[in-house]
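In what follows, a single structure is set out as structure tokens and then discussed.
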2 protein chains.
Amino acid sequence: MDQLTQSEENYIKAIYSLQQKTSSPVGTNDLADRMDTKASSVTDMIKRLSDKKLIQYKKYKGCELTDNGMRTALKLIRKHRLWETFLVEKLNFGWDEVHEIAEQLEHIQSLKLTDQLDKFLNYPKFDPHGDPIPDAEGEIQQREQSFKLNELAMDQSAVVIGVADSSASFLRFLDRHKINLGSSICVKEVYEFDDSREILINDELVTLSAAATSKITVQLV
Amino acid sequence: MDQLTQSEENYIKAIYSLQQKTSSPVGTNDLADRMDTKASSVTDMIKRLSDKKLIQYKKYKGCELTDNGMRTALKLIRKHRLWETFLVEKLNFGWDEVHEIAEQLEHIQSLKLTDQLDKFLNYPKFDPHGDPIPDAEGEIQQREQSFKLNELAMDQSAVVIGVADSSASFLRFLDRHKINLGSSICVKEVYEFDDSREILINDELVTLSAAATSKITVQLV
DNA sequence: CTTTATTTTTAGACAAGACTAAATCTATAA
DNA sequence: TTATAGATTTAGTCTTGTCTAAAAATAAAG
């Protein structure tokens, strides 16, 4: 199994993530959108990855990761999330600042580095956005049942365990409203006309749009 | 000042290092040897770097770094040595294992990352091989007067402060003889016929070849 | 079951960074 | 000072990853 280029690795991650969301197979145009490139470039890359047996590909039918490709994707996600954790926990970065840097760090090749980093961080199970970190074997810790905040019943007490959008802009919005992983949260009012909600967060009331509440993952307490 | 490719950065580092050793200007073939590539490839790259005003270049006359190129080189060296320090101090790597990984990590683009890492490591002045780490302004801490072990007078007490060869093979040789940065060292005998020496290191006697002693940097105590 | 719209692939080009082989410049020795 | 060895550059090619434009396959609608 020879070294992949950063570009190849980025495609693998994108295919993995689309495969999770929309279920396989992944279409060429969807991938092109995700990679911010053209469909023809995607076709080229798909051929390369197929040659390397990382994806299965039938012309005009889209592609899906092979077992091998899946392992590759999980290793990358592991590295990405470990580095994000490192940046936040050890280097005092904000959770809105780490994605770009982790995108670079995830390509560093060294199994030992990854595993030592994992140990140094004390084998974290979730990253700063609440996303699960695959272990050295690629196993992902499954969450207890969770909800999006907009599915939560009124007056039900819950705690924030993740975000469905890790863009800097959304994360800074949450910061401004003092919403973090671990925050206690409770729905106090639903405004039918626009599906926005009055939320009690750490003893303060704020109003959140439907767009916002649909991106906050919570667990009952 | 636009982003450099990893390849361009590697050339800048190589030019810097050759410039230090043999003093400028740096010849095309020397660079080709250092980069393990062909002279024609070097000529191509030299033109690119010259266009970007990182080196000064006269056809057939070799090249040297401009002020700008020098700053670029020092930033890379700073990152490289900070990462090596991190790997050894925080992730328990041996000093013989860190070079390759730091070669990758030094290309990560983020000023904040570098500076936070520096802070996290408590602003180290020297890396695990005893090489000085440039600060955020590119300033390098100058050493007190130092010697190579083969220049040290008999029975003169000294301490190991660096190595002139950071290859894994030489570093593992030092490990095997329990020679580390900070080790107390003293020459007890010089064998004229091959210039090898009997050395007292932390209360143990070992014989080191001329090749070995010429690569160990020490300071008088 | 055709026709049209959409998706996907092919064909041909380009830039970066590398290579080989050939040409050219510089320096050294007779 | 000229012949020639050694260093350096040019010319032309290759691969990776990208692009545009055009062709082909599939899906959807009448």
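These numbers come from the heavy atoms of this one structure, side chains and all, not from hydrogens, waters or symmetry mates. Sequence lines set the chain letters: A, B, ... in the order given, protein chains first and strands last, and positions in each chain run from 1.
Looking at heavy atoms from C-beta onward, B/V187 lies out of side-chain contact with B/T213 at the 4.5 angstrom threshold. A 4.5 Å side-chain heavy-atom check between B/Y11 and B/T37 finds at least one atom pair inside the cut-off. At least one side-chain heavy atom of A/L149 sits under 4.5 Å from a side-chain heavy atom of A/L208. B/L113 is listed as a side-chain neighbour of A/F93, based on a closest heavy-atom distance under 4.5 Å. Residues B/Y57 and B/E64 have side chains not in contact (no heavy-atom distance under 4.5 Å, counting atoms from C-beta outward). In this structure the side chain of A/T114 reaches within 4.5 angstrom of the side chain of A/R78, judged on heavy atoms.
Put simply, A/Y57 has no side-chain N or O that comes within less than 4.0 Å of OP1 or OP2 on C/dT8. For A/R48, no side-chain nitrogen or oxygen approaches OP1 or OP2 of D/dT16 to under 4.0 Å. Neither OP1 nor OP2 of D/dT10 sits under 4.0 Å from any side-chain N or O of B/T43.
If you look at B/H99 and B/H129, their ring centroids are not closer than 6.0 Å.
Taking 4.0 Å as the cut-off between side-chain N and carboxylate O, A/K13 and A/E106 count as a salt-bridged pair. Electrostatic pairing of A/E103 and A/K79 does not count as a salt bridge here, judged by no charged N lying under 4.0 Å from a carboxylate O.
The nearest whole Å value for the distance from the NZ atom in B/K47 to the P atom in D/dA11 is 8 Å. Per the geometry, CG belonging to B/D44 stands 13 Å off P belonging to C/dT20, to the nearest Å. Separating the CE atom of B/M45 from the C1' atom of D/dT8 is a distance of 17 Å, rounded to the nearest angstrom. If you measure from atom NZ of A/K59 to atom P of C/dT9, you get 8 Å, rounded to the nearest angstrom. The distance from atom NZ of A/K52 to atom P of D/dT15 is 14 Å, rounded to the nearest whole Å. A/D51 has its CG atom 12 Å from the P atom of D/dG17, to the nearest Å.
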Using a cutoff of under 3.5 Å, can you pull out all pairs of nitrogen or oxygen atoms linking the protein to nucleotides 20-24 of chain D, with atom names and distances?
residue, atom, partner, partner atom, Å
D/dT20, OP2, A/K38, NZ, 2.8
D/dT20, O4, A/S40, OG, 2.9

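Listed by residue number, the members of residues 27-36 of chain A with any heavy atom below 4.0 angstrom from DNA chain C are A/G27, A/T28, A/N29. Contacts between residues 5-16 of chain A and DNA chain C, counted as heavy-atom distances below 4.0 Å, involve no residue at all.
A/T66 and A/N68 share no side-chain donor-acceptor pair at under 3.5 Å. B/T217 and B/R143 are not linked by any side-chain donor-acceptor pair at a separation below 3.5 angstrom, with hydrogens and angles left out of the test.
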